[in-house]
Amino acid sequence: MSFVSGTFSVVCNQCGVQTDFNSDEADFESTGGSERQMGPENGYSWESSFNCDCGNEIEFDYNVHEYPQGAFNHEDVRITGATVNDMFTYDFNDEPEQEDFE
Ligand SMILES: [Zn+2]
């Protein structure tokens with residue numbers, strides 16, 4: 001899944017150091033969808049954890065919802081051990097549904 005760009009930044013609650021994730025480090029997986037009035041709603045999530053240099057363990061569960069298809073609907077990050085400082089930007093239209101070029 002490469003519909004994200006930009007940087008996801010979190011700030012450690014213990015030492016205040018910021019950790020940045022580039023969009024190519026993100027590993028979003030489809031969490032399936034549901035049918036709604038304007039068509040399918042698709043969900044993507046990326047769960048990860050890491051240890052800050054201070055030893056604090058930071059865990060997050062980053063959820064993005066696409067609805068209607070091709071449009072960003074909402075995002076939500078559940079995080080422990082840190083505070084979110086910056087989020088990715090999304091472009092669902094860039095994601096080819098089929099290999100219809102090259
Ligand atoms: Zn820290």
Side-chain angles (χ1 to χ4, degrees):
M1 294 286 170
S2 60
F3 58 86
V4 296
S5 58
T7 307
F8 174 54
S9 302
V10 300
V11 176
C12 176
N13 284 345
Q14 250 174 51
C15 68
V17 167
Q18 178 167 306
T19 301
D20 295 332
F21 293 92
N22 290 321
S23 53
D24 59 7
E25 294 176 78
D27 186 21
F28 282 92
E29 289 180 11
S30 176
T31 57
S34 54
E35 277 303 314
R36 290 175 57 182
Q37 284 179 335
M38 291 186 284
E41 173 180 36
N42 296 311
Y44 306 94
S45 85
W46 175 35
E47 284 181 61
S48 191
S49 64
F50 65 99
N51 285 300
C52 182
D53 286 343
C54 72
N56 186 24
E57 187 178 11
I58 297 169
E59 287 182 315
F60 59 86
D61 180 6
Y62 193 143
N63 286 280
V64 184
H65 291 268
E66 172 192 10
Y67 177 74
Q69 199 148 31
F72 165 70
N73 183 253
H74 70 271
E75 64 198 350
D76 116 78
V77 180
R78 271 165 285 172
I79 189 162
T80 53
T83 305
V84 176
N85 198 35
D86 203 4
M87 313 272 282
F88 290 131
T89 54
Y90 318 102
D91 188 352
F92 293 104
N93 290 311
D94 258 351
E95 191 186 342
E97 293 274 303
Q98 307 153 359
E99 302 283 324
D100 57 358
F101 52 88
E102 283 184 16

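Indexing begins at 1, ligand by ligand and atom by atom, following the structure's order.
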inquiry  = Applying side chain to side chain contact (heavy atoms under 4.5 Å, CB included), can you list everything that pairs with Val17, at least two apart in sequence or on another chain?
reply    = Cys15
key: Flag if over 12 foreign heavy atoms under 6.0 Å of CD, Glu35   = yes
key: Test salt bridge (charged side-chain N to carboxylate O under 4.0 Å, His left out) applied to Asp61 - qualifying residues, sequence neighbours left out   = Arg78
message = Tell me whether the count of non-hydrogen atoms from other residues, nucleotides or ligands lying under 6.0 Å of CG in Asp53 goes above 12.
response = no
remark   = Distance filter < 2.8 Å from the Zn ion (ligand 1), protein N/O/S hits 4
ask   = Aromatic rings Phe3 and Tyr44: how do their planes relate, parallel, tilted or perpendicular, breaks at 30° and 60°?
value = tilted
task = Using ring-ring contact (aromatic ring centres under 6.0 Å, His included) as the criterion, list what pairs up with Tyr67, not counting sequence neighbours.
result = none
